[in-house]
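Positions are given from 1, in the same order as the sequence printed here. What you see is a predicted model, and the numbers here were worked out from it, not measured in a lab.
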Amino acid sequence: MKKTVSSIFLTGILLFTFSQPNGFAEDSTRWRLPEGATARLGKGSITQIAYSPNGEHLAVTGSIGIWLYDTTTYQEVALLTENMGPVSSVAFSPDGKTIVSGSDDGNVRLWDVLTGKHIQTFTNNANRVLSVAFSPDGNIVASGGDDTSEEGPGFGIHLWNVHTGEHLKALEGNNYGTLSVCFSPDGKMLASGGDRSSNNILLLWDVDAGETIETFRRTFKRPERFGSFTSVAFSPDGNIIASASRDKTIRLWSPHTGLLLKTVSGHTEPVTSVIFSPDGKLFISAAADGIRVWDTDTVELIEFLPVPAVSVVFSPNGNTFVSGSSDGIRVWDTHNLELLKTITRDLVPIESVVFSPDGNTIAGGSGNNLHLWDVHAKEHLKTFIGHTDSVRSVVFSPDGNTIASGSEDKTIRLWNTHTSELIKTLIAHTASVRSVVFSPDGNTIASGSEDKTIRLWNTHTGELIKTFKGHVENVNTVAFSPDGNTIASGSGRLVYLGGPEDSGTCVGQEIRLWNSNTGELIKTLTGHTSIVNSVAFSPDGSTIASGSGHWQAYKAVWSVGEEIYLWRTHTGEHIKTLVGHKDVISSVVFSPDGNYIISGDWYHGLYDTSGGAWSGEIRVWDAETGEHLKTLTGHTGGVSSVAFSPDGKVLASGRTDGTILLWDFSTPP
């Protein structure tokens, strides 16, 4: 397909506006960085994909904003973000000049495609906007979301005038929990799909009147219960509505009669996306178990593609379709259903991050996998595949040749850093492994687990050497002293003793010091009022820093106990308490020279975001005085892990949004 003059100009403008002069891959790691950060590794999670009307660009929404891709090169040409938090939905205007997005901060935003600039924000005080759509004439934007608040439910669907920004109406009747909205091809009707909070219903609305079309709504008044409707789509001729559901089905409906035409089964996981081809002959459904291509007329399965996806979209000419999932973006040929292109993105939450001993490589635990990045080239190097559940902790051996990973699958795995080969699997823990660490000489691995034990392993043989017992709750973190003779372990868990109003009781919050050679308990350090999530020794071994905090109540709407304690290692004396974090402290680390303590806190998605705080923070403290020196902000997800490069010049932070940020520490804060 030939590029028009205008599209060439568009690409040029976007490149000029958002790129640096050193090339695509390197430059995109530096786009829209928070102050103090030098690079971003990974591009964040995917929630939805949209094609531009001319088919030359893809908009991909996720945890850090909206990425625009050129479909000729499949390179990034822009990153749209406005400190808005995770973006759940995106759509191009019919003329292709404007993008609308809905985000978790409760706002709807318009963007100029030509310049990438934010044009306007529609604010409706929703908790989250989960779906947006342009009317076929481009004059109206519909937004659906979750309007629940402390005062109760609001209206989940809003209509906006694109040109004036005027709020036209709220569609009453769906209350809240709208997961998907879609205009009919003639623009006269709007279909909306809801979740359990709105009785799992699919509604059809008269756009002008702002009222439900009763015949369609009455179809649902039956004993049969549906799962939440995650996606709705009109066929191009407007005669069919397809709905995807968490009950693992797709349903086809007549918008004219309100009758259910067909229930389509086959998926083994909740269906997250459904879309018709431009000619209406096919529809495609996407789920974690794969992509299914169906014949619209016969409703027969044409092909099953065993590739997980959360979103799928057809190109305007119908020759290709694109799917997005936790491991990347895939472009498919519609006619022969062959895979044409894969764009790998390093996507899912980063639970743990660590530098190699030479400082050239970063390892991160992400989902069930480990990833390696080149620190200098800012490129993804390798993926280590083998764990069957989330990786909670990763660490390099002192010689850099081995990586140990601990996982919720109850195992520790040892990997060859250079070949990605699995060397050994260490099995003995009976619950999730929360923390792993090498001894300074590299001969021993210590692991902490939710089974309340610390276990020592021989690095070379994989043999279990000792098991330390004594903690009464989950062991969340372990650390070796610099001389290797002492192990510090932190524990704690939140338990609920009552009903939904119970705020929870924290138990077992303590730090234990162990003789690593004999297994003898040396001391128990008490004082934290909350779960101990991280412990670290100072480089000279004289001080221990511990970070704590937990979310209160079943709904996790606030946190408590967000403190850093400093302890004297030899006496167990509590030296001082560092306060200031507003959320659960997930990670603490000393700088290599021992002058600073870095702490990260964990953003929780159910927080009230009316204040605009979209994640936790990284705080820099003077290790000697405890003075708070600096706060690093700008994340769109919680800080799950912080780590220093061996020379102390770079700080890496792993985040729940699926990216790692690198911060400049070459000069004192």
Side-chain angles (χ1 to χ4, degrees), residues 45-49 61-63 86-89 102 104 126-133 143-148 153 156-157 173-182 190-204 216-217 219-234 240-253 260-276 283-294 299 301 304-313 323-326 348-349 367 554-555 605-606:
S45 60
I46 288 178
T47 51
Q48 192 179 21
I49 301 175
T61 67
S63 52
V87 180
S88 56
S89 184
D104 282 6
N127 276 6
R128 295 175 298 165
V129 177
L130 302 173
S131 182
V132 291
S143 64
D146 180 357
D147 276 12
T148 56
I157 303 171
N174 201 37
N175 284 346
Y176 57 103
T178 302
L179 303 180
S180 183
V181 292
C182 180
L190 182 79
S192 68
D195 68 4
R196 62 183 179 276
S197 59
S198 54
N199 299 320
N200 297 338
I201 58 175
L202 182 69
L203 296 177
L204 193 65
F216 193 74
R217 189 179 183 186
T219 304
F220 294 87
K221 294 181 178 179
R222 60 178 71 183
E224 182 182 2
R225 298 291 294 174
F226 307 118
S228 302
F229 288 102
T230 55
S231 179
V232 293
F234 274 92
I240 301 173
I241 295 174
S243 63
S245 173
R246 286 181 182 153
D247 68 4
K248 308 173 188 178
T249 68
I250 304 101
R251 287 180 170 85
L252 304 183
W253 311 86
L260 175 63
L261 303 176
K262 187 79 173 179
T263 298
V264 186
S265 303
H267 282 286
T268 59
E269 296 289 341
V271 186
T272 54
S273 181
V274 64
I275 190 73
F276 283 94
F283 67 93
I284 294 180
S285 56
D289 65 345
I291 300 164
R292 284 170 164 80
V293 183
W294 310 87
V299 199
L301 180 65
F304 169 62
L305 305 173
V307 176
V310 295
S311 179
V312 64
V313 62
S323 63
S325 69
S326 62
V348 290
Y554 278 127
K555 291 187 177 181
L606 292 180

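- Each salt bridge (Lys or Arg N to Asp or Glu O under 4.0 Å) pair with one or both residues in residues 304-313, not counting sequence neighbours, would appear here, but there are none.
- For the side chain to side chain donor-acceptor pair (under 3.5 Å) test, residues two or more places apart in sequence or in another chain that qualify with T249 are D247, R251.
- Partners of S265 according to the side chain to side chain donor-acceptor pair (under 3.5 Å) rule, which considers only residues two or more places apart in sequence or in another chain, do not exist here.
- A heavy-atom distance below 4.5 Å is found between the side chains of S243 and V232.
- The two residues G102 and V87 come nearest to each other via the heavy atoms O-CG1, 3.4 Å.
- Between A233 and C182, the closest heavy-atom pair is CA-SG, 3.9 Å.
- The only member of T230, I157, T178, V181 that meets side-chain contact (heavy atoms from CB on, under 4.5 Å) when paired with S131 is V181.
- L203 contributes atom CG, which lies 4.5 Å from atom OG of S192 (distance to the nearest 0.5 angstrom).
- Closest of all the heavy-atom pairs between S325 and P308 is CB-O, 2.9 Å.
- Once rounded to the nearest 0.5 Å, the distance linking CG of L260 with CG of L252 reads 8.0 Å.
- Between T47 and T61, the side chains place a donor N or O and an acceptor N or O closer than 3.5 Å (distance only, hydrogens not considered).
- In this view, S89 and Q48 satisfy the side chain to side chain donor-acceptor pair (under 3.5 Å) rule, not counting sequence neighbours.
- Here F234 pairs with nothing under the ring-ring contact (aromatic ring centres under 6.0 Å, His included) rule; sequence neighbours left out.
- For the pair I241/L204, a side-chain contact is recorded, criterion being any heavy-atom separation below 4.5 Å from C-beta on.
- Minimum heavy-atom separation, D289 to F304: O-CZ, 3.3 Å.
- Listed by chain and number, the residues in a side-chain contact (heavy atoms from CB on, under 4.5 Å) with I275 are I284, V312, F314 (sequence neighbours excluded).
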**Item:** CA sep, side-chain torsions, deciding dist, call: V271, S245, side-chain contact (heavy atoms from CB on, under 4.5 Å)
**Value:** CA-CA 5 Å; V271 186; S245 173; 6.0 Å; no
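- Proximity of F276 to I240: side-chain heavy atoms (C-beta onward) are separated by under 4.5 Å at one or more points.
- Taking all atoms of both residues into account, the shortest heavy-atom contact from A309 to S323 is CB-CB, 4.0 Å.
- Without hydrogens or angle criteria, S311 side chain to G324 main chain gives no donor-acceptor distance under 3.5 Å.
- In terms of the side chain to side chain donor-acceptor pair (under 3.5 Å) criterion, residue partners of S285 (sequence neighbours excluded) are, by chain and number, H267, W294.
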